[in-house]
Each structure stands twice: as C-alpha cells, then as structure tokens.
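Data first, discussion second: the structure below is written as structure tokens.
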Amino acid sequence: MLFGLFNKNKRAVKSTERSLPVAIEVSDRKGLKLNTSELRVGMFVSELDRPWLMTPFKLQGFWIRNQEDIDEIARHCNYVFIDVTESSRWRANENCGNLESIDRKSHRLPTKENWFSEQAVYKRVNSLTFELLDDIALGGPGISKSAKKIVASCIQRILDNPHTMILVAQMAKKGTALESHAMSCCVLASAFGRYLGIEDSQLHKLALGALLHDVGMLKVDCYVKGSVNNVDKERYREHVIIGRDLLMANAEFWPAVDVAYSHHERIDGRGYPRGLKGERIPYFARIVSIVEAYDSMVSNHTYKSSIISPTEAMAELYRNRGKQFDRGLVESFIRYMGLYPLGSLVQLTTGEIGIVVEKNPFYKRMPKVVLVLDKKGNRIRSDVVDLFQEQNRDGSSRYMIQRTLPNGSHGVYSEKYLEEGIIEAESDDS
C-alpha cells in the first residue's frame, strides 16, 4: 500500500496537473524519426512530415500492416515519426485479429449489460480473495487452489475486456480495504502487463504477485486497527518481510515473493527493506509499485480520509518518475490509462460537470464527455460532447477540461450512471 506519498505533496500535484497532459502527449505523439525507406510492418506511425488532412489516411496514427501501407506512406511523405512504445505492442497483439476494433472498443465505456456482467464476476472473485487472505493468515487448506482461480478469472476477463474490469475494480469497493486493494491491483497489473506485451505464463505470475503484494498486512496490528501513523511506521514497514515469510511457506506462492518483498523499494535506492536501486529491483515489483500507488491514491482506504482524481494520481506518479518509480514504466502506465481514464469525473470550462465516456487515443486531452450537471450543480439531460469535434479552426473551444475530480464529487458516481443505462458509448456509430 501507499504510505505518505500524496499527503506530503498536495501542492505539487495541483501544480503538475496542468503540465502533465502536455508533457505526456508530446512523448506519446513524437517518437523515432524515420525515412519512409526504413519503415517496416508492425511499426506505429504517430506523426507525418505534413498535415494529416493533406493525406488520405483516415486515422491520425496507425499500425503499418503490410507492404501496401508502406508504399502508400511513401507516396505522400518523405519521413514519419514512429511511436516506439506502440510499435512494441504489435508482436503481442498480432494474433488478436482486428487491432483497430480491439483498440476502439477499449477506449469506450461498457454497455449497461456488460457492466453488470463484469460486476458479477468481480463480486465472485472478490469473495474468493477474502477467503484466500483469511486462509493464508490462518494457514488453512486449499489456498493454492483459490489463488489459481482468482488469477485465472482476472486474466481471462482482462483478455476479453480489459478496461471494463478495471472500471469495476476501481468503483466496486464493496469489500474491506485490503481485499479491494488486492483485487484492484491484480486487475490493474494484469491489464497493464498485457499492454506491455508480457506473455501469458509470466502474466499469471505478475497477477499473483499483485494480488498478494500486501499479504503481510494481515499480521500488522496498525492496519487491523485501521490507523497508520508515525508511531506505527516501523511496524508498518515490517509487512514486506512478514509477507515474504508467509508466501515462502507455500511453494505455489513463490512467484509472488519478489513482489511482496520488494514493492516498496525505490528506483533512487531510498526504499525498503533492502534499499535496492534501479534495475536491481525485480521487474514485476516495479510494475506493482506503480499500480498499487495509483490505486491507493484514487481509493478510499481505511487509513486515508480522502481520495484524489485519477489525473492527479497520475501527475503524482509522473512527478516521482526516476525517483520512486521506474521512469519508463510510469510513462507507459500513463499512456495505457490515458490522461483522463474512462469514468473520470471532470469539470469543464463552462462550469458543467461530466463523465469521460470515450478516450481519444491520438488527442488525449480531448475525450468524449457526457454532461451530467450544469454549472449550478443541477442534474441535466445527458448530452455527449466530443471535445475534439468542438474545437474551432484556431484550436479554441467553448468546451475544455478545466480540472478532474475524485469520483463522488458533487454527488456524482460514474457507476450509478452506468447502472441506470444513461451513459452507453459502446455502439458502432459513436
């Protein structure tokens, strides 16, 4: 779990939120500059050497699928920019069928039916998680079987519908803090790992590590009492050693040991318990340290009275890249989640409150937003506004995102709108 990261840096988060979209969007859009003669199948073209409107390409950013694509680019351009991160995903996804349809689906909120279906799966898996953690704490039988069921369920649902499961895990905080946090981290790490191109056998190990990373907290008194403070700090830190010992007692859990023991190490060497630095920290532990910090900041756990918005949380991760977190993994995580993750609550420059229902993969600051409250806080008819389509020729627009808000602000909960069927963006013509 996160301990004291956000509280010390509230001012830094506020000042970073405005600059974060610009910084990440630039690194997202600009990549390796290549002459068209150097292009290969599987590369992701993020920018051209001329305006997109001067070319026949429908999408502003696309994978090169065959030699015909290369020939078409060469007819219109002398050089292009390649997004190296996106290009690395080609091999991981090349057997997944239509990449465009997969990516298009992942950028939208789920339908009402899909939401309820995934929510039911989450509740079943969360129940298993509760039983699993109890069994580990008591040394009961059948714990290996339970763990395998949880990980298998997470992986399969994420392969089928990654962003929906993330939404459910982030919003459906119905269990106690430890179980909910464990499930959220398992889902987030699995989905992010898939984005990074981690193969299935290793993905299961990552998911298991994320699920059990905080298992040592079961034996920490300050957590059980729901109070973590300066007096309890040393005892709190012992949870990584306790977790390592609990998992070492069962060979089935050995793949999770490194994550449980090392997820509080820091890239700059100032972490604990061993003060590991840089790449000496296990790769999966570096991944889980990011997703668990993110989940802790956007979720209301027992030892923390307030939460922050997803964008503020990512700004905090970004500010600590290269210090607490792996720089490349943080930037990849922000690319994956998007500047405004699905379901994010935002306030527009008009004063209206909306919910992000579809991300724009190429213009990340301009998602589709459904308006739910007017500037006076009154509930309004749910109109969808495409911020990209609303901009004028000079780039100005009446509708721009002014700031992001924690889920529940102004009494607005994204999941309630999904359950009511008011916001459904997943359709062929949207």
Side-chain angles (χ1 to χ4, degrees), residues 6 10 13-18 20-21 107-116 118-119 163-164 166-174 294-295 297-300 304-316 337-360 363-392 396-427 429-430:
F6 173 66
K10 286 184 179 178
V13 170
K14 289 179 181 178
S15 64
T16 308
E17 186 177 355
R18 283 179 177 265
L20 172 65
H107 289 299
R108 295 171 173 165
L109 276 181
T111 61
K112 178 180 178 180
E113 291 74 17
N114 200 353
W115 169 261
F116 278 116
E118 297 300 317
Q119 197 172 43
H163 282 276
T164 301
I166 288 175
L167 273 173
V168 173
Q170 290 292 294
M171 295 176 180
K173 299 288 183 182
K174 303 301 183 185
Y294 174 82
D295 183 68
M297 286 187 280
V298 301
S299 304
N300 193 12
K304 184 161 60 70
S305 60
S306 62
I307 62 175
I308 60 176
S309 72
T311 302
E312 288 174 316
M314 286 187 290
E316 183 69 356
M337 294 296 288
L339 295 174
Y340 304 110
L342 293 175
S344 295
L345 198 62
V346 295
Q347 183 172 27
L348 304 181
T349 48
T350 58
E352 295 162 297
I353 304 295
I355 299 170
V356 175
V357 294
E358 184 173 340
K359 297 187 291 184
N360 187 322
Y363 293 93
K364 301 183 185 302
R365 288 181 289 172
M366 302 177 188
K368 287 184 180 178
V369 175
V370 61
L371 303 180
V372 294
L373 299 180
D374 64 20
K375 61 183 179 181
K376 294 182 178 180
N378 300 313
R379 185 162 174 168
I380 57 178
R381 186 169 63 89
S382 303
D383 291 326
V384 176
V385 176
D386 187 332
L387 301 189
F388 177 71
Q389 295 295 335
E390 288 291 331
Q391 66 178 338
N392 302 316
S396 64
S397 175
R398 174 191 173 206
Y399 293 104
M400 295 183 70
I401 293 177
Q402 186 175 54
R403 63 185 179 124
T404 54
L405 304 168
N407 192 34
S409 298
H410 301 279
V412 177
Y413 293 87
S414 301
E415 61 268 33
K416 296 300 182 184
Y417 283 83
L418 278 164
E419 290 168 3
E420 293 174 20
I422 293 175
I423 46 176
E424 293 194 17
E426 194 174 81
S427 60
D429 56 353
S430 61

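All values below were derived from every heavy atom in this structure, side-chain atoms included, with hydrogens, water molecules and symmetry-related copies excluded. Residues: numbered from 1 along the sequence shown. This one's a predicted model, so the numbers in the text were calculated from it and none came from an experiment.
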Nearest 0.5 Å, please: how far is CG in L342 from NZ in K368?
12.0 Å

Please round to the nearest 0.5 Å and tell me the distance separating atom CG of L345 and atom CZ of R403.
9.5 Å

Return the CZ to CE distance between R365 and M400, rounded to the nearest 0.5 Å.
7.0 Å

On a heavy-atom basis, the closest approach of G354 and V369 is CA-CG1, 3.6 Å

Nearest 0.5 Å, please: how far is CD1 in I353 from CG in L371?
10.0 Å

Roughly how far apart are Y294 OH and E316 CD, rounded to 0.5 Å?
13.5 Å

For the student: nearest non-hydrogen atoms of P341 and S344, plus distance:
O-OG, 2.6 Å

Report the residue from E352, K375, Q402 that forms a side chain to side chain contact (heavy atoms under 4.5 Å, CB included) with Q347.
Q402

Grab the two heavy atoms, one from L405 and one from P310, that are nearest each other, plus how far apart they are.
O-CD, 4.4 Å

Is the backbone of L339 close enough, under 3.5 Å, to the side chain of K359 for a donor and an acceptor to pair up by distance?
no

Is the shortest heavy-atom distance from the side chain of L387 to the side chain of P367 under 4.5 Å?
yes

If you compare all heavy atoms of Y340 against all heavy atoms of V346, which two are closest, and at what distance to 0.1 Å?
CD2-CG1, 4.4 Å

Check whether any side-chain heavy atom of L348 lies under 4.5 Å from a side-chain heavy atom of I401, and answer yes or no.
yes

Between the CE atom in M366 and the OH atom in Y399, the distance rounded to the nearest 0.5 Å is 15.5 Å

